[in-house]
Every structure is written in C-alpha cells, then in structure tokens.
Trainee: 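Before anything else, here's the structure in question.
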Amino acid sequence: MASPSTGFPSDFFWGCATSAYQIEGAVAEDGRAPSIWDTFTHTPGTIAANENGDVAADHYHRWQEDLDLLQAMGANAYRFSISWPRVLPQGKGKVNAAGLGFYDRLVDGLLARGITPFVTLFHWDLAQAVQDRGGWPARATVAEFEEYARAVAHRLGDRVTWWITHNEPFFSGVGGYFLGNFAPGLVDPVAALHASHHLLLSHARAARAIRDEARGPAKVGLALSLSAVQPASSSEADVQAAGRFDAFTNRWFLDPVMRGEYPAELAQRFAPLGTPIEPGDMQEIHEPLDFLGVNYYSRSIVRHDDATPFLEAAQVKPEHGEFSLMWEVYPPGLFELLDRLWRDYHPPLLLVTENGMPLADAPDGRGHVEDGERISYLARHLAQVQRAMARGIRVGGYFVWSLLDNFEWALGYSMRFGLVYVDFASQKRIPKSSAEWFHRVIQHGLPQGAS
Ligand code: IFM
C-alpha cells in the first residue's frame with residue numbers, strides 16, 4: 001500500500017547502483033588478478049582518451065565515505081557488484097580471502113547504516129584467466145561461474161537476501177564477442193552466440209547455487225538492459241523490423257529466462273551459425289526468478305533497412321526528441337516497458353535496477369554541482385514508475401545509476417552519471433543537487449507536477 005507521505009510503499013527500495021570495475025580502482029591490490037577489462041583498457045585505441053579503471057573513483061579505499069554519502073541521501077538500498085578476479089584470481093580454485101573480505105566488510109558497513117545490500121555477481125569484469133581458457137564462448141565457464149557464485153553466497157549468504165546474477169548479459173555476450181566495443185573485444189558471431197547462451201545457463205546455475213548456500217531468505221534475479229521499441233511508421237515492413245529489433249535487444253535474454261525458449265525470429269536467423277543448446281539447457285535457464293531487474297535509459301525507434309546485415313532493421317533518431325549526451329530522453333518508455341513486462345511475462349516482482357542520465361557536470365564558482373537536467377530526468381522517470389504502480393504493476397524499488405561519477409567503459413571518464421561528483425584528480429566527493437533532490441523524494445515523495 002502506498003504510504004500517504006511519499007506516495008510509494010513504505011517497503012519500497014530507494015537506492016543507487018554501481019559496479020566494481022567502474023568505481024573500485026585498486027586493480028592490483030590484495031591479490032586481485034586482472035579481468036578482461038584491465039586487458040582491454042590497456043590495449044591502445046579501445047577506450048576514449050585511452051583511459052582505464054586502474055584508480056577509477058578509488059572506492060576500494062574510500063568505501064566508508066561512499067557509504068556515508070549513501071546514508072546521508074536517505075537510501076535504504078545499494079546495488080554493487082563483486083569483482084570475480086578479486087574473489088577467485090584464477091577464476092576458479094583457491095578463494096582469495098582478502099578479496100572476499102572486502103565485500104564482507106562492505107556488506108557489514110551497509111547493514112550497520114540500515115542499507116539493504118543488492119549484490120550483483122557479474123557486471124562484465126570476467127577474470128582474464130577464465131577468458132584465457134575460452135571465456136563465455138566455452139561451456140566450461142558455466143561451471144566456473146557456478147563455483148564463484150557458490151563461494152560468494154557461502155560467505156555473504158547469511159546477511160545478503162537480494163542477489164542479481166548478471167548485469168545486462170547482452171553487453172557481455174554481444175558487445176564483448178560480436179560488436180567488439182566491449183572487452184574482450186572480439187568480432188565473432190559464433191562466439192557471441194555461444195557466449196550469450198552460456199551466460200544464460202550460468203545465470204540459472206548461479207541462482208540455484210545461491211539458493212543452496214543462503215542461510216536466510218534468498219531473492220534471486222538478473223538485471224537486463226531493456227528498451228521500449230517502437231516502429232518508425234505503421235508500415236508492415238517497419239512493424240516487422242521493430243519486432244526483429246525487439247527480439248534482438250530485449251527478448252534474446254528475456255524469453256529464455258521467463259519462458260524457456262529463444263524468440264523464433266532469432267532462432268531462425270541464428271540457425272546457420274550452429275547451436276550451443278544442449279538437451280535440458282532451456283528447462284534449466286527457465287529457473288524461476290524472485291524478481292526481474294530492469295535497466296532502462298531510452299527507447300528505440302526502428303525502421304526496415306535492407307542494408308543492415310542480419311536484422312535488416314535500423315534505429316532512427318527522432319527529429320524532435322530530447323537527448324542526453326548518450327541517448328534520447330523518453331520517460332514514458334519506462335511505463336510502457338514495465339507494463340509490457342508485467343503483462344507478457346508475469347514476473348513476481350519488478351525492480352528498476354538502473355536509470356540515470358549522463359551529463360558533463362562540473363562544480364560552479366561556489367563549488368556546487370547543479371544538475372537540474374538530471375533531476376528533471378529522474379523525476380519524470382520516477383513518475384512513470386508511480387504510474388505503473390498505480391495500475392497494479394508490482395515495482396519494488398528504484399536504483400539510480402549511479403552513486404558516483406565513474407568509468408563509463410569505452411567512453412572512459414567523459415560521461416558523468418553520479419548523484420555524487422568525483423574530482424578524479426583529488427578523489428574529492430561533492431554531492432550534486434540531484435543527491436539533495438533524491439533525499440527529499442525518499443522522504444516526501446515526488447513534488448507535484450513531476451511527469
Ligand atoms: O555504466 C553503465 C552500466 O555499467 C551498465 N548500464 C548502463 C550504464 C550507463 O551506460
């Protein structure tokens with residue numbers, strides 16, 4: 001039931017999300033071995049301005065200050081990811097006590113501040129040793145991920161309830177092995193197909209490992225990057241193209257997890273590449289979820305395009321749209337997506353696990369960081385969450401991407417997403433005006449007219 005003071009239920013999770021490689025730094029400390037992102041970022045020409053996550057926001061050393069900032073914001077939840085090569089430097093085998101100890105302290109630090117931890121096991125930083133043995137295209141990686149999940153859940157499962165197996169597996173599989181703009185930077189459709197299937201299978205195996213190891217209630221889900229896909233016109237060709245694009249960007253990962261099958265449009269197009277599916281895989285992947293995590297930033301308008309290989313579908317930039325530094329700003333898409341997921345897939349619960357806006361923030365003469373555009377973006381998206389909840393759609397929480405300015409993958413430090421500004425030279429933190437705004441929303445709800 002909505003609480004009269006905020007318009008959101010009193011048990012609603014208000015949080016921020018981060019990921020290990022984007023904020024931690026300390027890449028060679030306490031026994032951490034390299035991940036594929038260390039290798040990739042140190043390959044000249046892969047990242048804007050040849051930047052890397054060696055130091056990032058130095059969160060590994062400043063985590064207490066960062067948790068204090070989160071607490072000061074009034075957040076009751078924090079979504080962070082664990083670095084596989086900190087915990088298992090070789091990807092399997094001996095657990096690195098110091099690496100796992102860091103996350104153990106982080107969890108205790110959150111609980112001491114009254115903040116519920118949401119642990120993501122994999123946010124793209126595959127241990128380089130695992131990649132050297134074949135990476136996600138190799139089926140053996142599924143068992144290694146299960147071993148890693150078990151080790152983490154064994155240690156943290158007495159205090160952590162909420163688990164996210166994978167963050168946006170589309171980008172690990174397709175970005176990393178087909179588009180080549182993400183680590184490990186390969187362009188190989190067969191490898192991408194196998195990688196994506198193994199990511200899905202590893203999600204199910206990890207979910208079961210977490211449920212086995214947890215010593216309290218365990219809520220397990222995964223976070224998918226999802227877009228509101230719309231045809232550029234009502235022509236049959238554009239409608240069909242939008243359907244294929246939707247199958248590629250949304251349903252490739254949604255349908256196997258939620259329905260135990262790949263979208264027919266894709267299965268047909270993938271057929272010439274051979275199949276990584278073994279008997280029993282699809283039933284396994286269909287392991288029930290406790291929640292579905294939705295990472296939403298923008299919509300995709302799509303037209304038929306013969307020149308685009310494989311999908312014959314291309315994205316169109318709307319003429320009169322509103323744009324952030326990276327994408328179109330389209331808040332109603334979040335409602336459309338939540339509504340569609342609720343109707344088509346019947347998840348027990350939805351969580352908005354990421355939503356946020358990149359800006360070129362900078363402190364003004366008084367040392368304040370005024371980010372009114374971000375406030376407007378967040379307010380309008382939250383209004384869409386509220387609209388969905390008013391229609392009976394169960395949305396259990398909302399996580400802003402991100403707590404801190406951080407390393408934005410191939411774009412380096414050129415995009416700032418944080419509610420807290422980070423001066424990367426001094427590592428000084430400055431809560432932006434959006435952090436104060438978020439605090440007020442958590443306490444009092446959305447101001448009138450935020451839609
Ligand atoms: O920074 C990323 C994050 O790692 C995954 N989701 C999208 C964010 C913004 O691009």
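Along the sequence shown, residues carry numbers from 1. For ligands, and for the atoms within them, numbers begin at 1 and follow the listed sequence.
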Trainee: Between N181 and A410 (side chain of the first, backbone of the second, donor and acceptor by atom type, cut-off under 3.5 Å), is there such a pair?
Mentor: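 Not at all, since once roles are kept as given, no pair shorter than 3.5 Å links the two residues.
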
Trainee: Return yes if some donor-acceptor pair links the side-chain N/O of R155 with the main-chain N/O of D104 below 3.5 Å, else return no.
Mentor: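 Answer holds: no.
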
Trainee: Got an N/O contact under 3.5 Å between Q22 and ligand 1?
Mentor: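 Looking only at distances, the answer is yes, because the N/O contact criterion of under 3.5 Å is met.
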
Trainee: Can you tell me the protein heavy atom closest to atom 2 (C) of ligand 1 and the distance?
Mentor: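 That would be E408 OE1, 3.6 Å.
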
Trainee: Using a 4.0 Å heavy-atom cut-off, say whether Y296 meets ligand 1 through its side chain, its backbone, both or neither.
Mentor: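 The answer is neither; Y296 stays 4.0 Å or more away.
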
Trainee: Distance under 4.0 Å to a non-hydrogen atom of E354: what atoms of ligand 1 satisfy this?
Mentor: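 With E354 as reference, the close atoms of ligand 1 come out as 3 (C), 5 (C), 6 (N), 7 (C), 8 (C).
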
Trainee: Please work out which of the three classes, parallel, tilted or perpendicular, describes the rings of Y297 and F417, given edges at 30° and 60°.
Mentor: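 Perpendicular.
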
Trainee: Just checking Y21 against H123, ring centres under 6.0 Å apart?
Mentor: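 When the ring centroids of Y21 and H123 are compared, they turn out to be at least 6.0 Å apart.
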
Trainee: Going by atom types alone, do D68 and Q64 pair a side-chain donor with an acceptor below 3.5 Å?
Mentor: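 Short answer, no.
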
Trainee: If we only count N/O pairs under 3.5 Å, is W401 in contact with ligand 1?
Mentor: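 Min N/O separation from ligand 1 is below 3.5 Å for W401.
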
Trainee: Which option out of M326, M357, H123 puts a heavy atom nearest to atom 4 (O) of ligand 1?
Mentor: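 Checking each option, the heavy atom nearest atom 4 (O) of ligand 1 is found in H123.
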
Trainee: Counting only heavy atoms, tell me which of Y21, F417, W124, Y297 gets closest to atom 8 (C) of ligand 1.
Mentor: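 Shortest heavy-atom distance from atom 8 (C) of ligand 1: Y297.
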
Trainee: Indicate whether any N or O donor in one side chain lies under 3.5 Å from an N or O acceptor in the other, for N355 and Y377.
Mentor: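 A donor-acceptor contact under 3.5 Å links the two side chains.
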
Trainee: Any idea which part of M415 is under 4.0 Å from ligand 1, heavy-atom wise: side chain, backbone, both or neither?
Mentor: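 It is neither part, as no heavy atom is under 4.0 Å.
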
Trainee: Below 30° counts as parallel, above 60° as perpendicular, anything between as tilted: where do the rings of H381 and Y296 land?
Mentor: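 Ring orientation, 0 to 90° scale: tilted.
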
Trainee: What atoms in ligand 1 come closer than 4.0 Å to a heavy atom of E168?
Mentor: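 Every atom of ligand 1 under 4.0 Å from some heavy atom of E168: 5 (C), 6 (N), 7 (C).
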
Trainee: Heavy-atom contact under 4.0 Å between W409 and ligand 1?
Mentor: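 Contact check W409 vs ligand 1: positive.
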
